[in-house]
Amino acid sequence: MTQIIKVQKGTKDILPQDIAVWHKMEEAALEIFTRAGYKEIRTPIFEATELFQRGVGDTTDIVNKEMYTFEKSERSLTLRPENTAGVVRSYIENGMHRLSAPVKLWYKGPMFRYERPQAGRQRQFHQVGVEMFGIEDSSADAEVILLALNYLKKLGLPNLSVELNTLGCTNCRKEFRALLIETLRPHYDKLCDDCKARFEKNPLRLLDCKVDSCKEIFALPEVQRVIQADYTCPGCSMHFEQLKSYLDNLGVNYTVNKLLVRGLDYYNRTVFEIKSENLGSQNAVCGGGRYDTLVSKLGGEPTPAIGWAMGMERLAALLPEIKDDKLDIYIVSGNKLEAIKLAERFRALNYNVDFDMAGKKFAKQLEKAAKTAHFAIILGEDEINGEYLTLKNLETAAQIQFPLENLSDFEARTYKFISTNSSEWLQSKHSMLMSGFAI
RNA sequence: GCGGGAUUCGCCAAGUGGUUAAGGCCCCGGAUUGUGGUUCCGGUAUACAUGGGUUCGAAUCCCAUAUCCCGCCCCA
């Protein structure tokens, strides 16, 4: 037998029985973001490799070891590992800086990172996210965080914790950076390879290195003194204080986590995460922050910006399973042509309708109807000859007949029957008799 | 990249060295050729992850590989 081809490591099929929760997340995104003035943008799944090297940062794990990169016609292309860089590219390329600020965009779609899969982490996963361009004031930070919480609330996940920190700006970090490099330089030889590589380019990232020998160095008193010092400049401190004030006044609960340093190079000032206790070790459901220098770094006009992304698989893991919706109507008939014609007529009236194509016997068709639909329409020889249909309520087993010629008032005239349950059946039967139908 | 656990039909699952590898669900059919969801009967499927090894004999013991799960790292 021919070898079957399996789904690739770290990727998953989203099967029909699981799709409802995805529709829910997507519909909630469209509704909540649209209501807040955000427009959806869809950018390509692959971009120039250089976009991510310059955008996400070439000292990050994402760029260094997690990208799916390939060559085509002497171009280096990469499957997007995240979508902020792509959205910023599109913002610049399409001259969106000329639109009146703020420009508010949202997106959803698959992302790709070559990592070891585990709970809450796949190689192809999905993110939904927002980006806001053009506002430096911390009201933008507050609105964006509030938007994330509103989205989670819409999904029925209101009890998640918000963690907040500020990274300062390039100016106020300059001094700290220089000081840190000088303090660590005597210990350079003892650092791990990752830290050595980041030493000049991005020394701040050394601080959350988990290698024991590095941690020992960072624990030295002279190093700790530098780390613990508050280095944020007055402008950045003010920005952070204002954000906290906005959040306090908006009734948003949060905790400040000084150790929250995100692994993407483009962040400055505000960074935040939203976490759940129910996700195991990959507990961040949402991560984001401000990236005021990214637009200019990618060749655009200097434009302040802020955004976040949520992992949709992680969201889905927190949401209850949703049962498949049943069909409205399953047509039971031995005559496929008449069944198709009738299905088409009911579909045009916005009913979800299916019928048997497998040529099953009457009893088997009805069995299938009972499993998959709320109502059966029986369209056998008697009905076709008599030009009527038999509508059967599959919960109550009650049946009525209805003329085939004109379905336009079907819903109005069968409303009582359709909405009834068995205890109301007598009443509905009475009203059916009054409106002239045979029972 | 580094640790730990797991893998028996589409799904769940018994079996821990000895004839043809239980059972349940799902699916299909019959009893009942125009009235279902209950019941009874029957059917389908190269199911012991893959490749080696030990043994008279392996789903069962050993080794390797793959995949999944749980951590580390990192991130959503």
Side-chain angles (χ1 to χ4, degrees), chain A residues 1-4 6-12 15 17 56 59-66 80-84 108-129 148 192-194 205 208-212 214 260-264 267 271-276 279-289 307-318 326 330 332-335 356 358-385 390-399:
Chain A
M1 183 176 142
T2 310
Q3 188 77 39
I4 62 163
K6 293 198 197 146
V7 72
Q8 289 302 291
K9 182 174 180 172
T11 68
K12 275 199 173 100
L15 296 169
Q17 61 264 34
V56 178
T59 62
T60 60
D61 284 355
I62 289 177
V63 168
N64 279 322
K65 47 188 196 188
E66 296 176 4
R80 61 185 187 194
E82 56 95 60
N83 207 28
T84 297
K108 62 173 160 53
M111 309 294 160
F112 305 85
R113 293 182 197 173
Y114 186 79
E115 294 184 271
R116 181 82 173 260
Q118 72 185 68
R121 170 183 299 158
Q122 293 170 214
R123 290 180 173 178
Q124 175 176 338
F125 62 103
H126 297 78
Q127 288 187 331
V128 56
C192 70
D193 291 345
D194 276 351
R205 292 273 293 126
D208 56 15
C209 180
K210 302 298 189 294
V211 176
D212 284 341
C214 294
L260 181 60
V261 184
R262 299 182 49 71
L264 284 73
Y267 288 120
V271 291
F272 61 93
E273 287 186 356
I274 300 175
K275 294 181 176 177
S276 164
L279 279 175
S281 67
Q282 312 307 323
N283 59 359
V285 98
C286 173
W308 51 254
M310 294 195 194
M312 296 178 81
E313 279 79 2
R314 291 183 189 178
L315 281 180
L318 294 173
K326 281 188 170 181
Y330 192 90
V332 172
S333 178
N335 185 325
D356 176 67
K360 288 188 220 260
K361 290 177 180 168
F362 183 88
K364 292 296 172 187
Q365 288 193 32
L366 201 57
E367 187 180 333
K368 170 108 174 177
K371 280 180 188 164
T372 59
H374 295 292
F375 295 89
I377 283 177
I378 296 164
L379 187 67
E381 278 178 38
D382 294 350
E383 282 85 355
I384 293 170
N385 292 335
T390 300
L391 178 68
K392 182 182 182 78
N393 182 325
L394 290 162
E395 264 174 56
T396 63
Q399 300 188 179

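Below, chain A is the first sequence line, B the second, and so on; all start at residue 1.
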Distances for protein N or O near nucleotides 2-10 of chain B N or O, under 3.5 Å:
residue: B:C2; atom: N4; partner: A:R116; partner atom: NH1; Å: 2.6

Please list, chain by chain and in numerical order, all residues satisfying side chain to side chain contact (heavy atoms under 4.5 Å, CB included) with A:K371, sequence neighbours excluded. A:E367
Say you pick atom C1' in B:G53 and the same atom in B:G17; how far apart are they, in whole Å? 16 Å
Contacts of type side chain to side chain donor-acceptor pair (under 3.5 Å), residue A:Q127, not counting sequence neighbours: none
Please name all residues satisfying salt bridge (charged side-chain N to carboxylate O under 4.0 Å, His left out) with [X], sequence neighbours left out, ordered by chain then number.
X	value
A:K9	none
A:K12	none
A:R123	none
A:K275	A:E163, A:E273

By ring pair (Phe, Tyr, Trp, His ring centres under 6.0 Å) - contacts of A:F362 (at least two apart): none
Strand RNA chain B as a dot-bracket string - pairs counted if Watson-Crick or G-U with both distances under 3.5 Å, | where the partner lies in another strand: ((((((((.[[[..)..(....]]].(((((.......))))).....[[[[[..)....]]]]])))))))....
Would you indicate whether the side-chain heavy atoms of A:Y114 and A:P81 approach each other to under 4.5 Å? no
Shortest side-chain distance from A:K360, nucleotide among B:C28, B:C74, B:C72: B:C28
According to salt bridge (Lys or Arg N to Asp or Glu O under 4.0 Å), does anything in residues 375-384 of chain A pair up with another residue at least two apart or in another chain? List the pairs. none
Readout for nucleotides 32-38 of chain B: B = base within 4.0 Å of protein heavy atom, S = sugar-phosphate only, - = neither; 5' to 3' it is --BBBB-
Please tabulate, for side-chain N and O atoms in residues 308-318 of chain A, each donor-acceptor pair with protein atoms closer than 3.5 Å (sequence neighbours left out).
residue: A:W308; atom: NE1; partner: A:V144; partner atom: O; Å: 2.9
residue: A:E313; atom: OE1; partner: A:H126; partner atom: N; Å: 2.9
residue: A:E313; atom: OE2; partner: A:H126; partner atom: N; Å: 3.4
residue: A:E313; atom: OE2; partner: A:H126; partner atom: ND1; Å: 2.8
residue: A:R314; atom: NE; partner: A:G120; partner atom: O; Å: 2.8
residue: A:R314; atom: NH1; partner: A:A284; partner atom: O; Å: 2.8
residue: A:R314; atom: NH2; partner: A:G120; partner atom: O; Å: 3.0

